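First comes the structure, then the notes that go with it.
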2 protein chains.
Amino acid sequence: MGKVARRTQEQRTAETRHRLLDATITLLLERGYFRITTADIASVAGVSRGALTHHFVSKEDIVTQAVQHQLRKVTVDLHELADSLEGKSTDEIVDYLWEMMAGGLFLVTLEYLPEARHNSEFKAQMTPVVKEFHAALDAIWARLSQHAGIKPSQAQVMLNATMCLIRGMVAQTIVRDDPDYFRSLLAYWKGHLREVFVLDRRSPQARPRRKVSAAE
Amino acid sequence: MGKVARRTQEQRTAETRHRLLDATITLLLERGYFRITTADIASVAGVSRGALTHHFVSKEDIVTQAVQHQLRKVTVDLHELADSLEGKSTDEIVDYLWEMMAGGLFLVTLEYLPEARHNSEFKAQMTPVVKEFHAALDAIWARLSQHAGIKPSQAQVMLNATMCLIRGMVAQTIVRDDPDYFRSLLAYWKGHLREVFVLDRRSPQARPRRKVSAAE
DNA sequence: TAAGATACAGACTGGCCGGTTCGTTTCTTG
DNA sequence: CAAGAAACGAACCGGCCAGTCTGTATCTTA
């Protein structure tokens, strides 16, 4: 049988870790944090449990790093979205964020949140990972606000609200199978965003039609 | 020693079940679904595991019934809120809903959602419980909309959006310790609600409240 | 008040799983 | 190429826990 080509230690490590992290995300999504075992992860990754325990000191450790892995990929995607913003509507941005969150990102979050709430060590490991992502989001919101006729501070609040709305909706999808309901909520929110957010293609000084009350 | 007063079977059952359901909610909130055992629940309730297994066929069963118990109590509270709505602002309603959700209701939900997502039997048991609650919410929203003088359909969407926003925010509180952030989101949302409710105030029909149906 | 029914108590068990340990293979370095 | 280091594989173990089962107490009913 064809032996694997000779690789440097660095390559072996990178590949194995990568496979394990991908497998972890896949399994978090498919089976959830409390229903997967380290043996499952190793199996899906196609390596032994020994390999897993060699690279990650605990289950919490590999999950934390897997989430970081995922969030960083998503951050890259979002920056690409911000790159290609010409002619995009706020509707499209909302749709994009919804697809992203409902398509797995927030479902994975929902899997580890209960653990984070009750396992302080795990929470301590996860906190900086989440902070990094939130900071990245703020940067992306700032970029989006540049394309619109509103102040960055307003964009921050509105887009963070958008994310929270979507989070709540995704959570509800688990126990509420009602696409029309979610469509109506998204449609309402898109309408609201359109009123305030004017994605601008030419004139850089488009003004908001309404004032938004920022922090109290 | 003072023996327990003689009780009918019905009383014994009701009391034991009630203690077990209360203990389940308490423990779901404090330790989470996957970190509590049926032995824990029995212990907190002050009964034996035998009593628990006598009244509930499985862990999923007792959790489902405990959640139903909690949701029905919350429904009563919300109807009381709707009763005493004179002179209340939308700000106060938002604050009430936030306190309710962040104070435990949605944290409990977050505990069982992962199980519901991956355990189809559990999900099947939980679905009607959640549906009942959603229907109750719709009825309450209808009452609120009559009070505020806006169209029921609009109130449905806005108040459901409010709930989803709050859900997303509560989820985020677990990994984001930043009260100012959440305050600013709530402040923004209150402002938005004020605008809409004021906007539709111009056709106020001050009719007496009537019973409303949850039907679409 | 006796017999059956219901409520409750507590021991047992079989499977699971994360962490540990140790042996083997692959790569690096001098 | 030899020796050490890193990567990996696999068996083992100790604790945990939901469900089961059997025995006992309390209540109902005829």
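Letters go in sequence order (proteins before strands), and every chain restarts at 1. Keep in mind it's a predicted model, so treat the numbers as computed, not measured.
- A residue-by-residue look at E10(B) and Q9(A) shows that Q9(A) has its nearest nucleotide of DNA chain D further toward the 5' end.
- With D40(B) contributing its side chain and I36(B) its backbone, the two residues share no donor-acceptor pair below 3.5 Å.
- Scanning residues 107-126 of chain B for heavy-atom distances under 4.0 Å to DNA chain C yields an empty list.
- The neighbour count for D177(A) CG, taken as heavy atoms of other residues, nucleotides or ligands under 6.0 Å away, does not exceed 12.
- Contacts between residues 32-45 of chain A and DNA chain C, counted as heavy-atom distances below 4.0 Å, involve I36(A), T37(A), T38(A).
- The heavy-atom pair separating A171(B) from L113(A) by the smallest distance is O-CD1, 3.7 Å.
- As rounded to whole Å, 7 Å separates atom P of dC27(D) from atom CZ of R7(B).
- Distance Q11(A) CD to dA7(D) P: 13 Å, rounded to the nearest Å.
- Interface residues of residues 53-61 of chain A facing DNA chain D, ordered by number: H54(A), H55(A); criterion, heavy-atom separation under 4.0 Å.
- For the pairing with K190(B), the side chain to side chain contact (heavy atoms under 4.5 Å, CB included) check across I93(B), D95(B), T90(B) returns one residue only, D95(B).
- Heavy atoms only, all atoms of each residue included: A51(B) and T16(B) are closest at CB-CG2, 4.3 Å.
- For H18(A), the ring-ring contact (aromatic ring centres under 6.0 Å, His included) partners two or more places apart in sequence, or in a different chain, are H69(A).
- Taking only side-chain atoms of R49(B), from C-beta outward, the nucleotide of dG19(C), dC27(D), dG19(D) with the closest atom is dG19(D).
- One can place CG of L52(A) at 11 Å from C1' of dC8(D), the figure rounded to the nearest angstrom.
- T109(A) meets the side chain to side chain donor-acceptor pair (under 3.5 Å) test with no other residue; sequence neighbours excluded.
- Of the residues in residues 13-27 of chain A, those lying under 4.0 Å from DNA chain D by heavy-atom distance are T13(A), T16(A).
- Summarising the geometry of A142(B) relative to Q156(B), their closest heavy-atom pair is N-NE2, 4.0 Å, with the distance given to 0.1 Å.
- Listed here is the closest heavy atom pair of A136(B) and T75(B): CB-CG2, 3.6 Å.
- Paired with H118(B) under the rule side-chain hydrogen bond (donor to acceptor under 3.5 Å, both in side chains), one option of R35(A), R31(A), E30(A), E111(A) passes, and it is E111(A).
- In this structure, R183(B) pairs ionically with D180(B), as a charged nitrogen and a carboxylate oxygen lie closer than 4.0 Å.
- Judged by the 6.0 Å and 45° rule, K59(A) forms a cation-pi pair with Y33(A).
- By the 6.0 Å contact criterion, NZ on K123(A) is open, its count of non-hydrogen atoms from other residues, nucleotides or ligands being 12 or less.
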